[in-house]
Asker: 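Sharing a structure here in structure tokens format.
Just so it is clear, the structure is predicted and the values come from calculations on it, not from any experiment. Position 1 is the first residue of the sequence; numbering continues from there.
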Amino acid sequence: MKKAVLIPDSFKGTMSSEKIISIMKERILHYHPECSVISIPVADGGEGSVDAFLTALGGEKIPVKTKGPWGETVDSFYGLLPDGTAVIEMAASAGLPQVGDRKDPSKTTTYGVGELILAAAENGAKKLVIGLGGSATNDAGCGAASACGVTFLDRNGRPFTPVGETLDMISHVDISTMNEHVKNLEITAMCDIDNPFYGPTGAAAIFGPQKGADEAMVQSLDGKMKALAKVVESDLGIALQDIPGSGAAGGMGGGMKAFFGARLQMGIDTVLEITGFEHLASDADLIFTGEGKIDTQSLRGKVVIGVARKAKKMGIPVVAVVGDIGDDIDAAYDEGVSGIFSINRVAVPYKEARVRAESDMKLTMDNILRFMNRMKI
């Protein structure tokens, strides 16, 4: 094996993408010291996405002071890649860990996320990638839009910055007042879910409880999201409910589309595009990928399948090294996966498996490479 590409997702709560890559690379070089190993850490849009892109492509982390989810000043950041593309993770200014015990999606704001967007735009970025993950908010991105100059008017014609509990107070949205630098940004929002804006599978119903919403608050927030959707359709001509992923990150998916004109895209597709995967992998002998569990949800186009689809067109075999294997995943082979291997060597529950995940990953990679070596692959 002369060249291998490593592009695994993290195993949530167990190993980061970077850690998995380091283990895979060590074993590959043990058996094939001459092998050229290309490492592409995967960013999923949540915490750590900026670091993943910087690790893969280089660049710098730019510190910025912004408002946090409760309006307090926080130390935040964005990444600036060598080609001038800015990378933001909304969790850096509106993240769930930042609220601690003060979880309340009716009052928290994405205003600081908008300040990051504004800072990147005014620093000369022409393209921006924003990860929609790990948020503590349910303001549909209105806070972020306000920070970038979008005007929200109440019934009395007064401008204000909406939060979750005041979305139904919006009577008019004016995006013409947006900051000129932000207007010129080409924005891609990383979004791995297809939840609608409101309803039983919408932003408030599905994600509200983990952000601190009880049943009554969920119902209230859902109604306010529906009210906002009507205003957006009337003023901007955009039917948020019809956009898959508009409910992501407390409606931030819909807000990015409506207020910023962003493109919503699966995280892995964004990674493949930004890193120039096809060029990097063009002459590879093998691609190693993986995720915590491959199941029917994975077939929607998460990391393993996203990588496999690209590799299939290029005629490169793909090995998926995963934590667990679900039922009914045969379609993965049709998508371009050549083999799927679980690191759960002794079939133990997750609590036990996570403790030995790193050693099991090493042993599983060793097993695969021993076989390949014996077969002279």
Asker: Donor-acceptor check, side chain of Glu89 to backbone of Gly133, threshold 3.5 angstrom: yes or no?
Answerer: no
Asker: Would Ile340 and Ile23 show up in the same hydrophobic cluster when neighbours are defined by side-chain heavy atoms closer than 4.5 Å?
Answerer: no
Asker: Apply the test salt bridge (Lys or Arg N to Asp or Glu O under 4.0 Å) to residues Glu233 and Lys230: give CA-CA distance (whole Å), side-chain angles for both, the deciding distance (0.1 Å), then the verdict.
Answerer: CA-CA 5 Å; Glu233 185 162 12; Lys230 288 181 180 178; over 6 Å; no
Asker: Do the charged groups of Lys310 and Asp269 touch, with an N to O distance under 4.0 Å?
Answerer: no
Asker: Can Leu240 and Met225 be said to form a side-chain contact (heavy atoms from CB on, under 4.5 Å), step by step?
Answerer: CA-CA 10 Å; Leu240 290 174; Met225 294 283 281; over 6 Å; no
Asker: Is there a path of hydrophobic side-chain contacts, each under 4.5 Å between heavy atoms of I, L, V, M, F, W or Y residues, that connects Met256 with Tyr78?
Answerer: yes
Asker: Would you indicate whether Glu215, at its atom CD, is surrounded by more than 12 heavy atoms from other residues, nucleotides or ligands within a distance under 6.0 Å?
Answerer: no
Asker: With a 3.5 Å distance limit and no angle check, can you tell me whether Glu122 reaches the backbone of His181 through a side-chain donor-acceptor pair?
Answerer: no
Asker: Take Met365 and Ile343, measure what side-chain contact (heavy atoms from CB on, under 4.5 Å) needs, and give me the verdict at the end.
Answerer: CA-CA 9 Å; Met365 283 297 297; Ile343 69 167; over 6 Å; no
Asker: If every non-hydrogen atom of Ala204 is compared with every non-hydrogen atom of Pro209, which pair is closest and at what distance?
Answerer: O-CD, 3.5 Å
Asker: When clusters are formed from ILVMFWY side-chain contacts under 4.5 Å, directly or step by step, what else is grouped with Val218?
Answerer: none
Asker: Would you confirm whether Asp214, through its side chain, and Ala216, through its main-chain N or O, come within 3.5 Å as a donor-acceptor pair?
Answerer: yes
Asker: If we count only N and O atoms by modelled type, under 3.5 Å, do the side chains of Thr85 and Asp83 hold a donor and an acceptor together?
Answerer: yes
Asker: Taking the side chain as every heavy atom from C-beta outward, state whether Leu128 and Phe260 have any atom pair closer than 4.5 Å.
Answerer: no
Asker: Tell me if a side-chain donor or acceptor on Ser171 pairs with a main-chain N or O of Asp154 at a distance below 3.5 Å.
Answerer: yes
Asker: Give a yes or no on whether Lys3 atom NZ has more than 12 heavy-atom contacts from other residues, nucleotides or ligands under 6.0 Å away.
Answerer: yes
Asker: Show, in sequence, the C-alpha distance, side-chain angles and deciding distance for Gln265 and Thr270, and conclude whether the side-chain hydrogen bond (donor to acceptor under 3.5 Å, both in side chains) test is met.
Answerer: CA-CA 7 Å; Gln265 181 172 270; Thr270 305; 2.8 Å; yes
Asker: What do the steps show when you test Thr108 against Lys211 for side-chain contact (heavy atoms from CB on, under 4.5 Å), and what is the final call?
Answerer: CA-CA 10 Å; Thr108 47; Lys211 301 175 185 184; over 6 Å; no
Asker: As a quick check of understanding, evaluate side-chain contact (heavy atoms from CB on, under 4.5 Å) for Lys362 and Glu26, giving each step before the final call.
Answerer: CA-CA 9 Å; Lys362 181 175 181 178; Glu26 188 276 329; 3.8 Å; yes
Asker: For the residue pair Ala92 and Leu116, what are the closest heavy atoms and their distance?
Answerer: CB-CD1, 4.4 Å
Asker: Run the salt-bridge test on Lys107 and Glu165 with the 4.0 Å N-O cut-off and return the result as yes or no.
Answerer: yes
Asker: Thr109 side chain to Pro69 main-chain N or O, any donor-acceptor pair under 3.5 Å?
Answerer: no
Asker: List the atom of Ile40, the atom of Ser17, and the distance in Å for their closest heavy-atom pair.
Answerer: O-OG, 4.4 Å
Asker: What's the shortest heavy-atom distance between Ala249 and Leu132, and which atoms?
Answerer: CB-CB, 4.1 Å
Asker: Ile28 versus Leu6: any side-chain heavy-atom pair under 4.5 Å?
Answerer: yes
Asker: If we only count heavy atoms from C-beta on, is the Leu369 to Met1 side-chain gap below 4.5 Å?
Answerer: yes
Asker: I'd like to know if Lys293 pairs up with Asp324 as an ion pair, taking the criterion as any Lys NZ or Arg NE/NH1/NH2 lying under 4.0 Å from an Asp or Glu carboxylate oxygen.
Answerer: no
Asker: Would you kindly confirm whether Leu81 and Ile88 end up in one hydrophobic cluster when ILVMFWY residues are joined by side chain heavy atoms under 4.5 Å apart?
Answerer: no
Asker: Answer yes or no: is there a side-chain heavy-atom contact under 4.5 Å between Leu153 and Pro159?
Answerer: yes
Asker: Checking side-chain hydrogen bond (donor to acceptor under 3.5 Å, both in side chains) for the pair Ser93/Thr66: CA distance, chi angles, key distance, verdict?
Answerer: CA-CA 7 Å; Ser93 288; Thr66 70; 2.9 Å; yes
Asker: Between Asp328 and Thr296, is a side-chain hydrogen bond (donor to acceptor under 3.5 Å, both in side chains) present by the stated rule, with each step listed?
Answerer: CA-CA 7 Å; Asp328 302 318; Thr296 53; over 6 Å; no
Asker: Is it true that Lys2 and Asp285 make a salt bridge, defined as a side-chain N closer than 4.0 Å to a carboxylate O?
Answerer: no
Asker: Can you get from Leu272 to Leu54 by hopping between Ile, Leu, Val, Met, Phe, Trp and Tyr side chains that sit under 4.5 Å apart?
Answerer: yes
Asker: I need the minimum non-hydrogen distance between Gly114 and Cys148, along with the two atoms involved.
Answerer: O-SG, 3.3 Å
Asker: Is there a donor-acceptor pair closer than 3.5 Å between any side-chain N or O of Thr110 and the backbone N or O of Ala144?
Answerer: yes
Asker: Do the side chains of Val307 and Phe277 get nearer than 4.5 Å, heavy atoms only?
Answerer: yes
Asker: Between the main-chain N or O of Glu291 and the side-chain N or O of Lys12, is there a donor-acceptor pair closer than 3.5 Å?
Answerer: no
Asker: With a 6.0 Å cut-off on ring centres, are Phe288 and Phe341 close enough?
Answerer: no
Asker: Under a 4.5 Å cut-off applied to non-hydrogen side-chain atoms, are Lys226 and Phe197 in contact?
Answerer: no
Asker: Would Lys302 and Asp192 satisfy salt bridge (Lys or Arg N to Asp or Glu O under 4.0 Å), going step by step from the backbone distance to the final call?
Answerer: CA-CA 7 Å; Lys302 291 189 178 181; Asp192 281 356; over 6 Å; no
Asker: Kindly work out whether a path of hydrophobic side-chain contacts (I/L/V/M/F/W/Y, heavy atoms less than 4.5 Å apart) joins Ile7 to Met190.
Answerer: yes
Asker: Using the rule side chain to side chain contact (heavy atoms under 4.5 Å, CB included), only one of Leu167, Val231, Ile170, Thr161 pairs with Phe152; which is it?
Answerer: Ile170
Asker: Measure the shortest side-chain to side-chain distance between Met361 and Ile20 over non-hydrogen atoms and say whether it is less than 4.5 angstrom.
Answerer: yes
Asker: Is there a side-chain contact between Val303 and Pro8, using heavy atoms and a 4.5 Å cut-off?
Answerer: no
Asker: To the nearest 0.5 Å, what is the distance between CG (Leu118) and CE (Met178)?
Answerer: 10.0 Å
Asker: Keeping the roles fixed (side chain from Thr166, backbone from Pro162), state whether a donor-acceptor pair exists under 3.5 Å.
Answerer: no
Asker: Do you know the tightest heavy-atom contact between Phe11 and Val321?
Answerer: CZ-O, 3.5 Å
Asker: With distance as the sole test, does Asp222 use its side chain to make a donor-acceptor pair with the main-chain N or O of Tyr198 at under 3.5 Å?
Answerer: no
Asker: Any carboxylate oxygen within less than 4.0 angstrom of a Lys/Arg side-chain nitrogen, looking at Lys127 and Glu273?
Answerer: no
Asker: Quick check against the 3.5 Å criterion: does Asp168 have a side-chain atom that pairs as donor or acceptor with the backbone of Ala227?
Answerer: no
Asker: Could you go step by step and tell me if Thr151 and Thr177 meet the side-chain hydrogen bond (donor to acceptor under 3.5 Å, both in side chains) rule?
Answerer: CA-CA 7 Å; Thr151 302; Thr177 56; 2.8 Å; yes
Asker: Do Lys312 and Glu335 pass the salt bridge (Lys or Arg N to Asp or Glu O under 4.0 Å) test, and can you show the C-alpha distance, the side-chain angles, and the key distance before you say yes or no?
Answerer: CA-CA 7 Å; Lys312 183 178 181 180; Glu335 297 283 7; 6.0 Å; no
Asker: State plainly whether the residues Arg370 and Asp366 are in salt-bridge range, i.e. N to O under 4.0 Å.
Answerer: yes
Asker: Going by side-chain heavy atoms closer than 4.5 Å, which hydrophobic residues are tied to Trp70, directly or by a chain of links?
Answerer: Leu96, Val99
